Amino acid sequence: MTTTSRENILARVRTALQTHPPVERPPAPEVWPSTGPTTEQLVEQFTCELEAVSGELIRCGSMAEARRKLAELAERSDWRTLGAVDCRLCRELAADVPAERITWTHDGWDANEMAELSVGLVAAEMLLADTGTCVVANDTAEQRLMCYLPPACVVVATVEQLVEHMPAGWAEIARRTAQPDRRGEFVLITGPSRTADIEKILILGVHGPKQLVVVLI
Amino acid sequence: MTTENLHLEGAPFLKEQNRGLYEPAGPKATYEAAVRSTENNREITDAIPYWQDWRNAAEQIKTFAVANLDKLLVQFEQNITARGATVLWAETAEEANRLVLDIARRHNVKTVVKGKSMVSEEMELNHAFQSAGIRAMETDLGEYIVQLAGQRPTHIVTPALHLSAEDVGKLFEEKLGEPFSAEHEHLTNIARRHLREEYLKADMGMSGCNFAVADTGTLAVVENEGNVGLSTSTPPVHVALVGIEKMLPSIDYLPVFLNLLARVGTGQKLTSYTHLIHGATPGKELYVILLDNGRTKILQDPAARKALTCIRCGMCLNVCPVYRRVGGWAYGWVYPGPIGSIITPHLVGLKQAGTLPFASSLCGACSEVCPVKVDISHQLVHLRHRAVNEPSPANSLIDRITWNVWAWAMCGPVRYSLAAWAMRVGMRIIGLVPRSLHVDKLRAWTRGRELPPLSGPAFRTRWMRRRTDRKVAELRKDVCGSCCAACGLAKQKKNESNRP
């Protein structure tokens, strides 16, 4: 049935387009020019933008410091259970977390259990300095849920992953998106979940996490 | 007002407009929120030195996409199918509903969570679910509110724009049994708590799509609340509803649109979540439904096809002086505001929506802010032209008579004076008729407004009188020269008394 619908729609589109003048393929716009900032400037800009969207940044000189600060934060925020995406960066960061308090993403993990977690730990592929954005690749549903389901989200990233802005990092995102075996999603996370649906007044934490912490190493 | 009453029937604009105007909190809340939104968005777009370059680029890319729509649709289908998705095509809303219900039956679906989708509003999908005995919950806070209230969205980005926090508090008290509160954070938390359960037990999740990228087979969906993320990853089945005009040729073009849309739609640099979904995750199903539902009709009209480049940012609604006052329902269908006035007549036909192109002051504010430079004002004029020449409510017998009389009267000074005189007399007579006897368009006007008699005297009369006065003055000058202060004084007084 839909095969004919498909043919009908395409036929109508083609007939309608007969009167359309030819249009040359436009070049991809530059969007933002590159200014070649230093790493220090990038970190500063990222921090500033992340705070502007109500995210928190924890900057650490080393992985050891990051582990210590994560433990402090967990203590302070009373995070009892941690869910984490099973990847190298997350494994390294959570090396000190007692095994009974952490669960790693695995196939068939029940979403009801995941919803009980205090915090989800994910690793970023890239950070965009000019908007305070974390680019996260989620290949599986469990990884995706780790970003949205727990009430707090911790994103871990290293300073080499910082790029100036979206266009600067886009070639890499486009390359990886084009890989035919890629599944799931890339998600660009800019601050915690928010809404302004009632009277255009901004409120943080609707359905997704209320708190977003970026651990930058 | 229930969704039931909101089916489009006959001249919707005039019909619904009055209702909108007499909603006590509605128009005020709409006005204030629309103004606030415009100011926020202006501030953020004014700060971008490249804003006009982006708009130009976006316009070119979208025009290219529309010109190659057939190829892009096929390419998109191939690429997303290769990533494990199933693509289905629907010519009409009914067919799309059928497809969704088939999928639901196949997967034994009892409950559905829905991310925000204007296409699903177009399909009246919630109705279809209800008839099939499937529980479907809207998860976007604004959509959730209007769904609970049994209403339709009044805005394409912020659906509950017309409701104040107090209204929402009362609604939650009534429908959810929550203690009353008008505090934004508290209300948001209530929705969070109730919808959490829905995500976890849902068998199917639905979303719309902002951009469908043909060369990679990617669905780009932007959101702020995290509800799209949850709706598309928690349940085992994800169905994405995509209008066929959403195609973008290449992933390389996406950054300019993401940068534009967030700023102009919600006044953010980027929304909290921008999802680039490429295919189903392991163990889950992804269906993509490509919907025509009249879009190819827009494509057929060379003067209108640019309307297909719209990215549904909602900015033209916010700046529109008409929308701000009458609210979204006045437009009688899913898409309100200036963009609704130019696409609804195509999608549902001029016969039903022929008055919509007249629901504008043609001030051009919409065209000025449109991020993809849709020539909305020109299209409104184009559609007005079509509406008065094709079968439509704007081409009724009474309209034709009125405009023919008008055209006749404007073609000569004597005819004009005659018509003006008739008008003056007519207005006096109408003034004597009790309001309860007013019908149709007259009633639409006099329900909430005065119909004062024309003020006089007419310009032509005053002009003639002035000329006579001048002649008299000149005569006097001949008699007593320029020395007579009394004459000057008398003339000045006379002029003052002539002023209305």
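On a predicted model such as this, the values are computed, not experimentally measured, just so you know. Residue numbers start from 1 in every chain, and the chains themselves are labelled A, B, ... in the order their sequence lines are given, proteins ahead of strands.
- Nearest heavy-atom pair, B:Lys284 versus A:Ala141, reported as atom, atom and distance to 0.1 Å: CE-CB, 3.5 Å.
- Ion pairing between a basic and an acidic side chain is recognised when a charged N comes within 4.0 Å of a carboxylate O; A:Arg6 and B:Glu77 show such pairing.
- The CG atom of A:Asp197 sits 9.0 Å away from the OG1 atom of B:Thr188 when rounded to the nearest 0.5 Å.
- The line from CG of A:Leu188 to CG of B:Leu270 is 6.5 Å long, rounded to the nearest 0.5 Å.
- Ranking A:Gly208, A:Ala28, A:Pro26 against chain B, the residue ahead of the rest is A:Pro26, based on heavy-atom pairs under 4.5 Å.
- Across every non-hydrogen atom of A:Trp170 and B:Asp252, the tightest pair is NE1-CA, 4.0 Å.
- Comparing A:Leu145, A:Asp181, A:Val135 by heavy-atom pairs within less than 4.5 Å of chain B, the highest count is held by A:Leu145.
- Highest contact tally toward chain A, considering only B:Ala280, B:Gly84, B:Gly226, B:Ala262, is held by B:Ala280 [criterion: heavy-atom pairs under 4.5 Å].
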Show, in sequence, the C-alpha distance, side-chain angles and deciding distance for A:Thr177 and B:His278, and conclude whether the side chain to side chain contact (heavy atoms under 4.5 Å, CB included) test is met.
CA-CA 7 Å; A:Thr177 306; B:His278 21 246; 3.4 Å; yes

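- A:Arg14 places no side-chain N or O within 3.5 Å of a backbone atom of B:Asp70 that could act as its donor or acceptor partner.
- For the atom pair CG (B:Leu69) and CG (A:Leu17), the distance works out to 6.5 Å, reported to the nearest 0.5 Å.
- For the atom pair CD (A:Glu185) and OG1 (B:Thr274), the distance works out to 10.5 Å, reported to the nearest 0.5 Å.
- Contact between B:Thr296 and A:Ile9 at its shortest, heavy atoms only, is CG2-O, 4.2 Å.
- In this structure, B:Asp292 and A:Ser5 have side chains that are not in contact, with every pair of non-hydrogen atoms separated by 4.5 Å or more.
- For B:Leu230 against A:Leu149, the heavy-atom pair with the smallest separation is CD2-CD1, 3.3 Å.
- B:Leu200 and A:Ala115 get closest at one heavy-atom pair: CD1-CB, 3.9 Å.
- Counting heavy-atom pairs under 4.5 Å between each of A:His165, A:Gln18, A:His20 and chain B puts A:His20 at the top.
- In this structure, A:Phe186 has its ring center at least 6.0 angstrom away from the ring center of B:His275.
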Show, in sequence, the C-alpha distance, side-chain angles and deciding distance for A:Cys147 and B:Tyr273, and conclude whether the side chain to side chain contact (heavy atoms under 4.5 Å, CB included) test is met.
CA-CA 10 Å; A:Cys147 298; B:Tyr273 300 102; 5.6 Å; no

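- Of the atoms belonging to B:Leu219, not a single heavy atom falls under 4.5 Å from chain A.
- In this structure, B:Ser250 and A:Arg25 approach most closely via the heavy-atom pair CB-NH2, 3.6 Å.
- The residue among A:Pro167, A:Ala11, A:Gly55, A:Pro33 with the most heavy atom pairs within less than 4.5 Å of chain B is A:Pro33.
- Top candidate by heavy-atom pairs under 4.5 Å with chain B, chosen from A:Thr131, A:Asp110, A:Thr15, is A:Thr131.
- Here the side chain of A:Tyr148 pairs no donor or acceptor atom with the backbone of B:Val228 at under 3.5 angstrom.
- Side-chain contact annotation: B:Thr271 with A:Arg194, donor-acceptor N/O pair under 3.5 Å absent.
- When side chains are defined from C-beta on, A:Glu30 does not count as touching B:Tyr50, because their heavy atoms never get closer than 4.5 Å.
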Please evaluate residues A:Thr195 and B:Glu225 with respect to the criterion side chain to side chain donor-acceptor pair (under 3.5 Å), reporting the C-alpha separation (whole Å), side-chain torsions for both, the decisive distance (0.1 Å), and the verdict.
CA-CA 6 Å; A:Thr195 187; B:Glu225 300 184 358; 2.8 Å; yes

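- Remark: the backbone N or O of A:Gly184 is not paired with any side-chain donor or acceptor of B:Arg83 at under 3.5 angstrom.
- Environment of CD in A:Glu100: crowded, with over 12 heavy atoms of neighbouring residues, nucleotides or ligands closer than 6.0 Å.
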Would you sort out whether B:Thr234 and A:Arg144 count as a side chain to side chain donor-acceptor pair (under 3.5 Å), showing the intermediate values?
CA-CA 9 Å; B:Thr234 324; A:Arg144 295 190 65 196; over 6 Å; no

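- More than 12 heavy atoms of other residues, nucleotides or ligands sit less than 6.0 Å from atom CD of A:Gln179.
- Distance check, rounded to the nearest 0.5 Å: CG of B:Asn259 to CE of A:Met166 gives 5.0 Å.
- For B:Asn189 and A:Lys210, the side-chain atoms include at least one donor-acceptor pair closer than 3.5 Å.
- Side-chain atoms of B:Glu185 and A:Ile203, non-hydrogen and from C-beta on, do get closer than 4.5 Å to each other.
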Starting from the C-alpha separation in whole Å, work towards a yes-or-no answer on side chain to side chain contact (heavy atoms under 4.5 Å, CB included) for B:Asn227 and A:Val206.
CA-CA 8 Å; B:Asn227 64 316; A:Val206 205; over 6 Å; no

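- A donor atom on one side chain and an acceptor atom on the other are found under 3.5 Å apart for A:Thr19 and B:Arg305.
- Of the residues B:Leu187, B:Leu161, B:Leu163, the one that meets the side-chain contact (heavy atoms from CB on, under 4.5 Å) test with A:Ile198 is B:Leu187.
- By the 4.0 Å N-to-carboxylate-O rule, A:Glu199 lies too far from B:Arg36 to be salt-bridged with it.
- The closest side-chain heavy-atom distance from A:Leu10 to B:Leu73 is below 4.5 Å.
- Between B:Lys269 and A:Thr190, the closest side-chain pair of non-hydrogen atoms is not below 4.5 Å.
- Considering only heavy-atom pairs separated by less than 4.5 Å from chain B, the leading option among A:Ala196, A:Gly205, A:Pro180 is A:Gly205.
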Could you go through the side chain to side chain contact (heavy atoms under 4.5 Å, CB included) check for A:Arg12 and B:Glu91 one step at a time?
CA-CA 10 Å; A:Arg12 278 203 297 275; B:Glu91 289 184 76; 3.0 Å; yes

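- Taking CD of A:Glu142 as the reference point, atom OG1 of B:Thr281 lies at 7.5 Å (rounded to 0.5 Å).
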